[in-house]
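Order of listing sets the numbers, starting from 1, for every ligand and every atom in it. In this chain, residues are counted from 1 in sequence order.
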Amino acid sequence: MTVDITLKKEVDNSYKIVIDTLPQLTFNRKVAIVTNPKVAGLHLKYLLEHLQASELYIITVPDGEAYKNQTSIDIITNRLFDHRFNRNSLLIAFGGGVVGDMSGFAASIYQRGIDFVQIPTTLLSQVDASVGGKTGMNNRYGKNLIGAFHQPQAVYIDPYFLTTLPPREFSAGVAEIVKMAVTFNKEFFKFLEEADLNHRETLSEVLAQAVRTKAWVVSQDEKERGIRAALNYGHTFAHVIEKETRYNTYLHGEAVGIGMVMANKLSLALGWMHEEEVDRIAALLEKYNIPTTYDIEDVDAFYEAFYLDKKSSDSAVTFILPRGIGDVTISDSVDERTVKQVLQGFAI
Ligand code: GLY
């Protein structure tokens with residue numbers, strides 16, 4: 001005997017991304033702001049001036065990729081239980097990508113899912129991590145291997161927060177912007193080559209263009225069954241670099257910068273990309289002080305580490321490889337010999 005469960009239904013996960021000064025936000029429900037001590041020290045007062053809720057709580061988690069783990073998720077969910085949050089309650093992710101990913105993940109699992117809003121404070125989280133509903137945490141096997149797709153109710157991108165961002169973190173965010181341009185938007189790439197991001201208006205235009213690109217990709221492929229995977233350009237390599245360096249040497253965007261250079265070299269070795277474009281991308285990364293080199297100690301170990309990445313099946317490693325600026329291929333059939341040859345070029 002079989003019993004069918006019919007679950008066909010339209011789910012509308014649409015939401016607005018506001019790129020502007022933070023508006024006044026009013027919530028007639030319990031709200032918890034999840035943040036870290038650094039962001040709280042710099043910007044919590046500003047957020048509280050723009051926020052009203054029937055009950056408001058602040059949850060702080062330690063700062064940094066090394067803390068994007070089960071312990072921090074427990075801190076968040078236990079505090080929600082302490083304060084008797086229910087399924088109508090709301091989380092606000094207030095910080096960078098780590099806070100955003102963890103808050104979203106906590107929201108996705110707390111009582112089987114509650115709403116959350118993203119108020120990203122770093123460039124990387126404003127242009128990429130806060131948009132698209134990828135949430136998660138790291139474990140000893142690698143980065144973001146535990147997680148869920150859980151779309152926010154809204155994203156508020158206020159360029160004001162970037163005024164206190166350290167230069168290194170700003171550059172790390174630019175790496176994800178370059179990623180968006182190389183994968184989907186040649187004109188945007190040219191714009192970035194000429195742009196001066198110290199100008200407020202240029203920066204706002206770049207934020208809008210990057211978010212529009214990301215929003216378009218997510219609208220086509222929310223759950224990463226197809227083209228959204230192209231946004232993992234550089235990440236196959238970056239995740240190994242971050243893990244090898246125990247998440248304490250490179251910011252995520254910096255590792256992505258190096259990873260994009262590695263992906264380009266692989267594309268070059270396969271004859272898919274011209275050297276001139278490889279050089280243009282490296283030059284753009286260097287213009288924004290994004291690292292482009294890494295010393296691989298053990299090529300075999302680096303290669304084996306690809307297999308722990310969730311974007312790879314048992315039998316193949318998936319690489320996102322440009323064919324040129326604005327044109328990318330997702331390939332899981334690159335032969336081991338060519339990959340190792342390219343990695344050898346980075347070996348000490
Ligand atoms: N950060 C890549 C994505 O959201 O798909």
Side-chain angles (χ1 to χ4, degrees), residues 13-15 17 19 65 68 93 95-105 107-108 116-118 120-138 142-155 157 169 171-185 188 206-207 209-243 247 250-260 263 285 290 309-312 318-322 328-330 332:
N13 283 338
S14 312
Y15 52 96
I17 302 163
I19 306 170
E65 190 73 41
K68 190 175 165 182
V98 171
V99 161
D101 282 11
M102 287 202 299
S103 310
F105 183 49
S108 80
F116 85 114
V117 162
Q118 288 268 19
T121 57
T122 64
L123 183 58
L124 184 143
S125 59
Q126 291 195 340
V127 296
D128 192 19
S130 66
V131 177
K134 275 192 183 175
T135 73
M137 61 177 214
N138 308 331
K143 218 174 126 66
N144 298 332
L145 295 180
I146 308 256
F149 285 97
H150 188 56
Q151 298 294 342
Q153 297 296 297
V155 184
I157 295 173
E169 284 202 39
S171 297
V174 177
E176 297 281 7
I177 295 172
V178 171
K179 172 194 83 175
M180 235 91 75
V182 174
T183 46
F184 288 106
N185 198 331
F188 187 31
V206 165
L207 287 178
Q209 189 59 49
V211 169
R212 271 197 290 269
T213 307
K214 175 86 191 254
W216 178 82
V217 175
V218 172
S219 305
Q220 305 298 308
D221 178 23
E222 183 191 350
K223 297 276 172 74
E224 198 176 297
R225 310 264 186 242
I227 64 160
R228 182 167 179 176
L231 293 179
N232 296 324
Y233 166 46
H235 287 59
T236 309
F237 298 95
H239 287 177
V240 177
I241 292 169
E242 288 181 278
K243 187 155 176 278
Y247 304 107
Y250 296 100
L251 299 172
H252 175 63
E254 293 177 324
V256 169
I258 301 166
M260 290 191 284
L285 294 169
I290 299 158
D309 191 276
K310 66 183 179 303
K311 288 147 203 106
S312 310
T318 303
F319 291 102
I320 316 301
L321 299 173
V328 81
T329 294
I330 302 166
D332 61 4

Just to confirm my output: which protein heavy-atom neighbour is closest to atom 5 (O) of ligand 1, and how far is it?
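The answer is Arg228 NE, 2.7 Å.
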Are Gln209 and Met180 close enough that some pair of their side-chain heavy atoms sits under 4.5 Å apart?
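No, side chains not in contact.
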Would you say that Tyr15 contacts Val155 through its side chain, given a criterion of any heavy-atom pair below 4.5 Å between the two side chains?
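Yes - at least one pair of side-chain heavy atoms lies under 4.5 Å apart.
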So is Asp128 polar-close to ligand 1, meaning N/O to N/O under 3.5 Å?
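Yes: some nitrogen or oxygen of Asp128 is under 3.5 Å from one in ligand 1.
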May I ask whether His235 has any heavy atom positioned less than 4.0 angstrom from an atom of ligand 1?
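No.
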Residue portion contacting ligand 1 (non-hydrogen atoms closer than 4.0 Å) for Glu176
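Under 4.0 Å from ligand 1, Glu176 contributes no heavy atoms.
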So His239 and His252, would you call those rings parallel, tilted or perpendicular, with 30° and 60° as cut-offs?
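Tilted: the ring planes of His239 and His252 meet at 30° to 60°.
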Report the distance from atom CD of Glu222 to atom CZ of Arg228, rounding to the nearest 0.5 Å.
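That separation rounds to 7.5 Å.
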